[in-house]
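Let me begin by presenting the structure, written as structure tokens, before commenting on it.
Everything numeric here is computed off the predicted structure, so don't read it as measured data. Just so you know, these numbers use all the heavy atoms, side chains as well, and skip hydrogens, waters and symmetry mates. Below, read A as the first sequence line, B as the second, and so on, with proteins coming before strands; counting in each chain starts at 1.
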Amino acid sequence: MPMIEIRWHGRGGQGGVTSAELLAKAAFLDGYKGVQAFPYFGAERRGAPVKAFTRISDEPINVRSQIYEPDIVAILDPGIVDLIDPTEGLKENGIIIINTQKAPSEFDYDSARIFTYDGTGIALRHNLLVAGLPVVNTTMLGAFAKATGLVKLETVQEVIKQKWPGKVGERNAAGAKEAYDSCSDK
Amino acid sequence: MTSVERVPEDQIVVEGLTGDAAIAHALKQCDLDVLAAYPITPQTIIVEDYQKFAANGEVDAKVIPVESEHSAMSACVGASAVGARVATASASAGLALMWEVLYCASGMRMPIVFTVANRALSAPINIHNDWSDTYGARDSGFIQIYCQSGQEAYDTTIMAFKIAEDHDVLLPIIVAIDGFILSHNVERVEMLPTEAVHKFLGKRVPFIALDPTKPITMGPLALTDYYFEFKQQQIDAINAVPDVFKKVEAEFEKMTGRKYGMFETYKTEDADIILFTHSSPGGTAKAVVDALREQGEKVGVLRLRMFRPFPAKEIAEAVKHAKAVVVFEKCLSFGAPANPLAMEVRTALYDLEKRPMVTDFVIGLGGRDVPPTTIVEGYEKTKEYLKKGKAPFFETLGVRK
């Protein structure tokens, strides 16, 4: 498998950086030798658009720059697609995963394969709240596992439970499962 | 010398760690007596994690939360003087504030391990990576080793104690990683069992220690009569580093199967042009070389690890067959004919009968990203300069002009 590069878009405080990190952990548990997960730290504040990156490879990874031509773009916030161009640099036939109530057919991104799921709804149902607001980063990991097949849902759930031992982890793992089951390109 | 054995695979713990956390975990296993530090981005996680280990009773060390970096290094010097195993961490302005005491640490021959997440200096304020902070400490008498990966940072931090505390050396040592690019990047890190690290390092055996029952004075006045002799001894000490480094790394390799060298050569044997850099651009340069080799270009990378002492002879030997050496460095020396890394390389090659051309590209200041295209640009420019037979002393790449 050639190296896979992933770009995460979210808003400050939504947990995009944590998504990138948890995916990297799931990836090496699933046997990938090369993983990187790193944030783009600007002068961000809560609510502003933020980016993070993950690389996954069968071999150790040498390159240490930001990602300019991702294979996969994951969007944690439904409103952010109006602020940024999700397809920027996206490879031909790349995958875009969006947390939204809309169907993939409602988006018009040329040559990209689009997956959607209602992460915010899932987060509310499973009580995945921080300061009263739904946090969708763990649901995105479930959706990612479904859309890409790069990591197993069980592994994603395992790293979530490691990160938050106890009931919080259980709820987030259940949210990831529902995202996995409902994420679709149809 | 202790006898180390290969650690069985089932005793190795694999975790996803940031570069900072990898260093903190290494420090946790190195049986410190004292850690004195003041938090500063992007190094903060090192101290935060270590504080957690201390608060949870996972380490025996005394953690001193000092009020400034000047005090941090001072506390380290004091603790090291009584024979303690000591570490600290800092970056950027914090390192700058330590500057006066860096010279005390090396002049008093204190084997302090100083981990740094390299960050630019103000002004303007910038939290991101370049090498201005540790290059500023270039002449302070610290050993300096730069790492490319979390695994390398973990491994090097452990080895650093054994190198610094060797009685042929007795010098402080900086272990540096690129701020954010590595300090905040999560990757796969294999960790040794703590007992194996303890066995590898042993207890620190001080050459001489402060002891109230046998009073001595350390670091007192030495004027025209003896100051120079102290400096001569520091020259001898830092010159002893390569042999000790090799010995320590050979033992570490026996235990882990991993070794890194004073520098890494990558596809340099038949290379016409050798890219020369360290830390994170060293990794990106290797990826660039893989791509250029597929196009038939004869190019390789020398990724430096040890900047102090600078392994000049070994480097000259490794690159002497090349037509050009292309230096990429994240630091400026304002007004100098070239910048710190290229100046070392040019000095190292000066005595060769047939010298490769040396080009110098300043990149990535203040965290400006260094994508593969920046490395390729320096490579292409150097090919042009080779054709012309002439190159500028240095250039900046990846900046609006």
- With side chains defined as the heavy atoms from C-beta onward, is the minimum distance between A/Lys186 and A/Pro104 less than 4.5 Å? no
- Note on the structure: Shortest non-hydrogen pair, B/Leu95 vs B/Val116, comes out as CD1-CG2, 3.9 Å
- Task: Can you tell which part of B/Val288 gets under 4.5 Å to a heavy atom of chain A, answering side chain, backbone, both or neither?
- Result: neither
- Message: Is A/Tyr68 close to chain B through its backbone or its side chain, or both, or neither, when contacts mean heavy atoms under 4.5 Å?
- Response: side chain
- Task: Could you tell me which portion of B/Leu182 (side chain, backbone, both or neither) has an atom closer than 4.5 angstrom to a non-hydrogen atom of chain A?
- Result: side chain
- Shortest non-hydrogen pair, B/Ala153 vs B/Ile177, comes out as CB-CG2, 3.6 Å
- Taking all atoms of both residues into account, what is the closest heavy-atom pair of A/Arg125 and A/Glu178, and its distance? NH2-OE2, 2.7 Å
- Part of B/Glu15 lying under 4.5 Å from any heavy atom of chain A: backbone
- Message: Quick check on the interface: out of A/Lys33, A/Gln36, A/Glu21, A/Lys25, who has the most heavy-atom pairs with chain B under 4.5 Å?
- Response: A/Gln36
- Can we call the ring centroids of B/Phe53 and B/His25 under 6.0 Å apart? yes
- Which bit of B/Ser279 is near chain A, if near means a heavy-atom gap under 4.5 Å: side chain, backbone, both or neither? neither
